[in-house]
Every structure is written in structure tokens, then in C-alpha cells.
Asks: 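After the C-alpha cells below, expect a handful of questions from me.
Note that the coordinates shown come from a computational prediction; the quantities given were computed from them, not determined experimentally.
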Amino acid sequence: MADTPKEKAATETVDIPAEDVEKAAKLILDPGYVTKKDLPKMADLAWATALSDAVTKYFLNDDDDHDPYVYFEQFDFDGGDIDSIIFNMDIIKTRDDALHDLAEALDEKIVNNEVQQTTY
């Protein structure tokens with residue numbers, strides 16, 4: 001029996017180059033987030049998810065006492081675009097703030113002024 005797309009995605013391994021992890025980690029510390037504008041491969045959900053996991057592991061193994069609360073989120077924008085952001089909740093305090101930062105970084109229009117409820 002063939003794998004469903006969800007099962008296939010769960011079994012795929014995505015290789016994230018160390019330099020991309022380091023770049024994302026620096027951005028997580030300042031300005032507090034990373035988007036596809038910084039790393040264009042984040043346009044791919046599987047890659048962005050793997051990057052988020054890699055950045056979290058990077059900070060767990062970091063000897064520089066950095067311990068940011070790294071969070072990954074996707075948001076819908078006007079026109080149907082869906083984009084990802086990895087952000088530091090110690091700097092970007094709410095999902096709504098992350099939505100606005102992502103919209104500004106990517107020059108996207110927010111559908112409404114409320115954070116969307118994501119269903120999985």
C-alpha cells in the first residue's frame with residue numbers, strides 16, 4: 001500500500017546545512033525571528049520544520065548559555081499565501097506579534113487582525 005502524503009512527509013529526512021542552522025540561530029537571537037526572506041528554502045514546509053528542529057537542537061547543545069524559547073508557526077495571508085516563521089518567544093512575546101513581524105518582513109497583507117487558529 002502506498003504511503004499517504006502525510007506519512008511520506010513524516011518519513012522523509014531533510015538535510016539542513018550547518019551554515020543555515022547557524023544563520024537561523026543568530027537571527028533567532030537578534031532580531032528574534034527567521035523567515036524565507038532570510039533563508040529562501042523556508043518556503044518549503046518540510047525544510048522549515050526541519051530547520052526549526054535543528055535550531056532547537058543547536059540551542060540545546062549551545063555552550064554560550066543561550067536558551068531561547070524557539071517556536072515554529074505558519075500563517076495564512078490575504079491571497080492565499082501561507083508562510084512560516086521561526087521565532088524567539090523571549091523576544092517576540094505572542095503569536096500575534098509573530099504574525100505581524102512575518103507580514104512586515106514578507107510584505108504580506110494580514111487577512112484580519114486576529115491570529116488564525118491552526119487545525120492539524
Asks: Rounded to the nearest 0.5 Å, what separates atom CD in E22 from atom CG in L27?
Replies: 12.0 Å
Asks: Closest heavy-atom contact between A105 and K37?
Replies: O-CD, 3.2 Å
Asks: For the residue pair F77 and K109, establish whether any side-chain heavy-atom pair is separated by less than 4.5 Å.
Replies: no
Asks: Over all heavy atoms of both residues, which pair between I92 and G32 is shortest? Give the atoms and the distance, please.
Replies: CG1-O, 3.7 Å
Asks: Test of understanding: with side chain to side chain donor-acceptor pair (under 3.5 Å), list the residues that count as partners of D83, not counting sequence neighbours.
Replies: K36
Asks: Can you tell if the side chain of D78 reaches within under 4.5 Å of the side chain of I110, non-hydrogen atoms only?
Replies: no
Asks: Atom CG of L29 and atom CG of D90: how far apart are they, to the nearest 0.5 Å?
Replies: 9.5 Å
Asks: Examine the side chains of T56 and D53 and answer whether a donor and an acceptor come within less than 3.5 Å of each other.
Replies: no
Asks: Among all residues two or more places apart in sequence or in another chain, which pass the side chain to side chain donor-acceptor pair (under 3.5 Å) test with S84?
Replies: Q74
Asks: Would I28 and V34 satisfy side-chain contact (heavy atoms from CB on, under 4.5 Å), going step by step from the backbone distance to the final call?
Replies: CA-CA 6 Å; I28 293 294; V34 61; 4.1 Å; yes
Asks: Quick one: pull up NZ in K26 and NE2 in H66 and give me the separation to the nearest 0.5 Å.
Replies: 11.0 Å
Asks: To the nearest 0.5 Å, what is the distance between OG1 (T35) and CD1 (I85)?
Replies: 7.0 Å
Asks: For a quick test of reading the model, state the closest non-hydrogen atom pair linking I91 to P31 and the distance between them.
Replies: CG2-O, 3.5 Å
Asks: Would you check if D67 and F59 make a side-chain contact, meaning some heavy-atom pair closer than 4.5 Å?
Replies: no
Asks: To the nearest 0.5 Å, tell me how far R95 CZ sits from H100 NE2.
Replies: 12.5 Å
Asks: Are the side chain of T49 and the backbone of L45 linked by a donor-acceptor contact shorter than 3.5 Å?
Replies: yes
Asks: State, to 0.1 Å, how close E108 and D81 come at their nearest heavy-atom pair, and which atoms those are.
Replies: OE2-OD2, 2.7 Å
Asks: Quick one: are V70 and Y58 in side-chain contact, heavy atoms under 4.5 Å?
Replies: no
Asks: Would you say that W47 contacts D20 through its side chain, given a criterion of any heavy-atom pair below 4.5 Å between the two side chains?
Replies: yes
Asks: Going by heavy atoms in the side chains, are I86 and Y33 under 4.5 Å from each other?
Replies: no
Asks: Identify the heavy atoms of A24 and L39 that sit nearest to each other, and give their distance.
Replies: CB-CD1, 4.0 Å
